[in-house]
Structures are given as C-alpha cells and as structure tokens.
Amino acid sequence: MFCYHCQEAKKNKVCDTAGICGKKANVSSLQDMLMFSLKGLSFYTDRAEEFNLVTNKTSRFLAKALFSMVTNVNFSPADFVSMIEEAVTRRNSVRKQFMAAYQLRNGEEFNQPLPEEAEWQYSELSEDELTEKGATVGVERDMERLDEDVLNLQECLLYAVKGLGALAIHNLELNIEDDEQYRFLHQALNFTLNKNNTFDDILPMLDKSGTLGLSAMGQLELANNNKFGDPVPTTVYLDTQDNPGILISGHDLQDIEDLLEQTVGTGVDVYTHGEAISAHAYPALKKYFNLVANYGGAWQSQKTEFPKFNGPILVTTNSIQQPKKTYQEKLFSTGMVGWPDVPHISDRKPGQRKDFSNIIEIAKQSEAPAPLNEGKITTGFGIKALTDLTEGIAAAIKANKIKRIIVMAGTDGRHKERKYYTELAEALPKDALIMTAGDTKYRFYQHDFGLIDNIPRFLDAGQSNDFSAIIKFLKHLQKTLDLETLNILPVSFDIAWYEQKTILMMLALFALDFKNIRIGPTLPPFFTPNILELLANKYGLKGIDTVENDIEALMAGN
Ligand code: SF4
C-alpha cells in the first residue's frame with residue numbers, strides 16, 4: 001500500500017500498511033487498479049475525441065470513478081471491482097471504434113506503442129486477483145520509471161482531476177454538464193501516461209485544472225442558487241429539540257431537500273452535520289420547519305458525535321469514516337459514498353425523489369438527539385449577500401477600517417496543529433475581515449468577531465464548493481475599488497487542506513495569479529523540495545509558521 005493523497009498521511013509521508021482514514025491495503029490497491037484502468041480508457045478516449053467517438057455516458061462514468069477515489073468517499077471493495085470492470089469494458093469498446101476510424105482515415109493501422117494500461121487484458125478477475133494486480137501499478141511502480149519530481153507533480157495533477165471529477169458529478173446531479181471539463185478529464189489521465197513529461201509540460205495542465213475547477217465550483221454554486229434560491233445570512237441553532245431526528249452530513253443539497261420533503265409531518269426533525277450546515281441558508285430548504293439545527297462540527301468529529309445523535313445518520317457525497325459499533329446500524333450512505341455493510345440508499349429515478357422511507361421509519365423509533373452544543377452561528381454569505389456588502393466593504397477599505405481580508409477556506413482534519421486556525425482567527429486584529437468556505441470554520445465559528453461599520457467581521461460563504469462565491473465577490477470588489485488586477489486587492493489566503501478538492505482550490509488561486517498563499521497545517525507530502533521551490537518562486541506558496549509571525553506577515557500582504 002502506498003497512499004499519500006491527503007493531509008493525514010502517516011508522519012506526513014505515506015500510509016503504507018493501513019490508512020489513518022480507515023482505508024485498508026486491499027481498498028488502496030483496488031483504487032490504484034481503478035486509476036490504472038481509467039488511464040487505459042483515457043489513452044483511447046483522448047485520441048477518439050477527434051473522431052467524435054466519446055459519449056457523455058463514458059465521461060460521466062469517468063467523473064464518477066474519479067470522485068469515488070477522493071479521500072473518505074468510498075471504501076467498498078465491491079464498488080471498485082465493479083468500476084474496474086466497467087472501465088475495461090468501456091476501454092475495449094472505444095478502442096475498437098477508434099482503431100477502425102483511425103484506419104479508415106489514415107489508410108493504415110494505429111501502430112503507436114501502447115502503455116500497459118492500454119493493452120492489459122482483463123477477463124473476469126476476482127476481487128483478490130484485482131487487488132494483487134493493483135498492488136503492482138500504483139505510485140511505487142511509477143517511482144521506478146519516472147523522475148521523482150515529475151512523478152509527484154503529476155500526482156498533484158491527478159488529485160486535482162479527482163476533485164474536478166467530484167465537482168462534475170455534483171453538477172450532473174443538477175443537470176449541468178460541461179464538455180470542456182469532461183474533455184480535460186480524459187486529456188489529463190492520458191497525459192500522465194507519457195513518461196517524458198517535464199515540469200514545463202505539467203505546469204500548464206495544473207493551471208488548466210485550477211481554471212476548470214473554479215469554473216466547475218462556479219457552475220455548482222449557480223445551479224444550487226437557481227434551484228434552492230440565493231443563500232441569505234441565516235442564524236443556525238446548535239442545540240437539540242425533543243423530536244427524534246435524522247442527521248444528514250456531506251454536501252448534497254438535493255438529498256437534503258428530498259429528505260426534508262419526505263419528513264414533513266412525520267414528527268421527525270432533520271439536523272445537519274459538517275458542511276451540510278450551509279443548507280440552512282437556502283430559501284427553498286430553510287422554509288421547512290423541521291430543518292431544526294446543526295448537530296456537531298466538522299467531518300472528523302463523527303466518531304464522537306454520531307453515537308450521541310441516537311437517530312439515523314445519512315452520509316452524502318463524502319467524509320465517511322470507519323463506523324463505530326455504537327452507531328453503525330443507524331448509518332446509511334448515498335451517492336458515491338460507500339462503506340462495506342453500511343446500507344446504501346439508491347440513486348433517484350428520473351423525475352422522482354430518493355426514497356428515504358426506510359430511515360424515516362427508523363427515526364420514528366429513535367430517541368431524540370442528546371444535547372451536544374449550544375448557541376448559534378450565522379452562515380449564508382453567498383454571492384448575493386456578499387455583493388450587497390461590497391460597497392460598504394470598499395468604503396471601509398478606503399477609510400482604512402478594513403486593512404486586510406483573510407480567507408480561511410478549506411477542509412478541517414484531526415491534526416492537533418490545526419488549533420493554529422482557531423488561534424489565528426481569534427488573534428487577528430480587529431481591522432481584518434475573515435471569510436470562510438468549507439469546514440475549517442468549525443475551528444472558530446462560535447467566537448464573537450464583532451462588526452466593522454455594521455459589516456460582520458466573520459463572513460461564511462458556506463461549503464468549500466462555495467469558494468467561487470468568495471472569488472466572484474473579490475472580482476466585484478476589485479471593480480468597485482477600481483484596481484487594475486485582482487491580486488493587488490488587500491486579501492490573503494490561509495488555506496487549510498485535507499483532500500483533493502482543496503488542492504484544486506489552491507490551483508485555482510494559482511491560476512488567478514494570487515500570491516503568498518499559505519497551505520497548512522502541513523505541506524502536502526507529494527510536494528518534493530524541488531516542487532516546493534518551484535511553487536514558492538512562481539506563486540509565493542508557503543506553509544504556516546507561528547500564529548504571531550503569520551498574522552504579521554498576512555497583515556503586511558506577505
Ligand atoms: Fe492515508 Fe490519507 Fe491515503 Fe487515507 S487517504 S490512506 S489517511 S494518505
């Protein structure tokens with residue numbers, strides 16, 4: 001096993017026997033085998049594009065398979081075996097069509113050398129055989145044939161591509177598809193099969209993934225706003241009520257709406273967990289009186305928080321952890337999430353809602369949630385609310401009442417070093433405005449940050465997917481302040497990373513030419529010293545330092 005694609009890799013190097021996340025060696029090998037199979041598929045789909053032979057069905061499958069390998073999404077060996085089979089079946093079908101089209105056009109057979117991924121023969125291998133094969137085709141194999149820096153920078157590209165696949169599937173749920181994004185997924189996977197790539201070849205691919213990632217986030221934000229209304233600043237309560245409840249975690253607003261609609265009048269309340277807290281701000285969701293509160297904090301607290309909830313828990317989109325026995329029988333997954341023996345709620349049929357009747361019946365028999373937190377938080381500073389504040393923020397900047405905007409977006413995790421984000425947010429000077437998107441906010445969300453000229457000092461845009469709202473706001477602020485470029489705004493980014501979508505967020509900032517971005521609490525293990533030097537020179541990327549040093553540097557724009 002060799003996995004180092006999240007911030008919790010063992011000793012910030014690699015998980016080599018079992019994942020801190022709960023991923024076992026067999027699942028890691030099957031994921032490597034799936035990536036191997038997808039590269040083989042993309043070898044042909046990237047070439048078949050010019051013959052118009054790649055269907056949206058194949059692109060959707062590719063995006064879905066990439067999403068399944070994002071950290072903490074799917075741990076089910078059976079799901080990976082099924083996706084490997086589909087990848088090879090699709091590869092063989094596209095290969096046949098491509099070979100025929102190529103010969104017809106060129107009058108000769110396609111005779112370029114084939115990588116192993118493109119010609120590997122598969123016929124009904126067992127899960128064990130696929131696991132065994134997968135153990136030979138991961139990063140360790142590539143270490144023997146690629147330059148260390150090239151390999152690691154390409155891995156970074158693959159993580160960005162997985163993040164992009166996840167966003168494409170979120171968008172697909174809302175009937176949005178983007179040919180350029182799909183095209184890039186095929187292109188990027190095929191690109192990594194070239195053993196002669198250099199930094200100069202990889203950097204434009206990273207740049208493009210950042211640009212497409214931001215555009216995918218923007219599409220999702222818009223699609224959610226069109227469907228559920230523009231988020232409005234909303235007070236979310238953190239305490240519990242007397243009815244039994246269902247706890248919903250993850251990002252999928254459509255799942256939340258389906259659940260709310262089916263629980264109306266049943267005596268069952270709905271609580272959000274993790275990034276699902278953003279649901280409270282959408283008019284089409286907040287209208288449900290039984291969407292009562294947020295329960296608990298970020299994803300990594302589930303093992304201590306879920307047992308106290310008492311009712312059933314539904315995990316959508318990602319962030320599932322190995323369930324404890326104390327709540328396993330009340331845990332359900334849906335969408336791309338999977339854990340062996342955790343019941344999975346099937347996808348919705350066209351024009352219908354997902355069927356949550358089973359978990360609603362279980363909820364009715366459950367006790368009410370045990371109290372966990374008290375108080376409240378305000379969320380919902382989506383693009384409309386931020387736009388409404390732009391004139392005031394611009395005036396406060398001109399009057400030197402706001403000296404700096406500090407964006408603390410990204411994903412939370414378990415490391416104790418993450419207390420840095422709490423301490424930094426709370427110690428920032430009172431003329432610093434704090435903006436968040438993602439669950440890092442749980443580190444400081446209950447602190448009273450006060451106001452600057454009636455503008456809340458703490459503005460939470462919502463999910464990490466809502467990062468695009470912050471970027472759109474900054475573009476609007478740039479125009480209002482009449483600044484020539486975006487990157488001369490008084491804004492600094494202090495990003496907490498955990499998994500692939502945060503890497504995509506970082507690449508989006510690079511693509512927008514923002515400088516001096518901080519990534520923490522540790523730098524990605526796949527950034528070698530040479531990669532770090534490159535990113536530091538080109539983008540001013542840096543890790544975090546002490547709270548005191550970073551506040552001084554952030555406020556000075558360094
Ligand atoms: Fe380790 Fe993270 Fe990979 Fe899990 S996802 S095996 S914690 S590096």
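Both counts, for ligands and for their atoms, begin at 1 and track the order of listing.
- For the residue pair Asp439/Tyr498, the side-chain donor-acceptor check at 3.5 Å is not satisfied.
- Looking at Phe526 and Val139, their side chains never come closer than 4.5 Å, going by heavy atoms from C-beta outward.
- Side-chain contact annotation: Thr528 with Asp149, donor-acceptor N/O pair under 3.5 Å present.
- Here 1 is the count of protein N, O or S atoms positioned under 2.8 Å from atom 2 (Fe) of ligand 1, waters not counted.
- Ring centroids of Tyr442 and Tyr445 are separated by less than 6.0 Å, placing the two rings close together.
- One side chain, Ser464 or Glu275, offers a donor N or O that lies under 3.5 Å from an acceptor on the other.
- Using a 4.0 Å cut-off to heavy atoms of Met1, the atoms of ligand 1 that qualify are 6 (S).
- Using a non-hydrogen distance threshold of 4.0 Å, Lys10 does not register as a contact of ligand 1.
- In this structure the side chain of Leu331 never reaches within 4.5 angstrom of the side chain of Trp339, judged on heavy atoms.
- Of the N and O atoms on the side chains of Gln300 and Arg418, not one donor lies less than 3.5 Å from an acceptor on the other residue.
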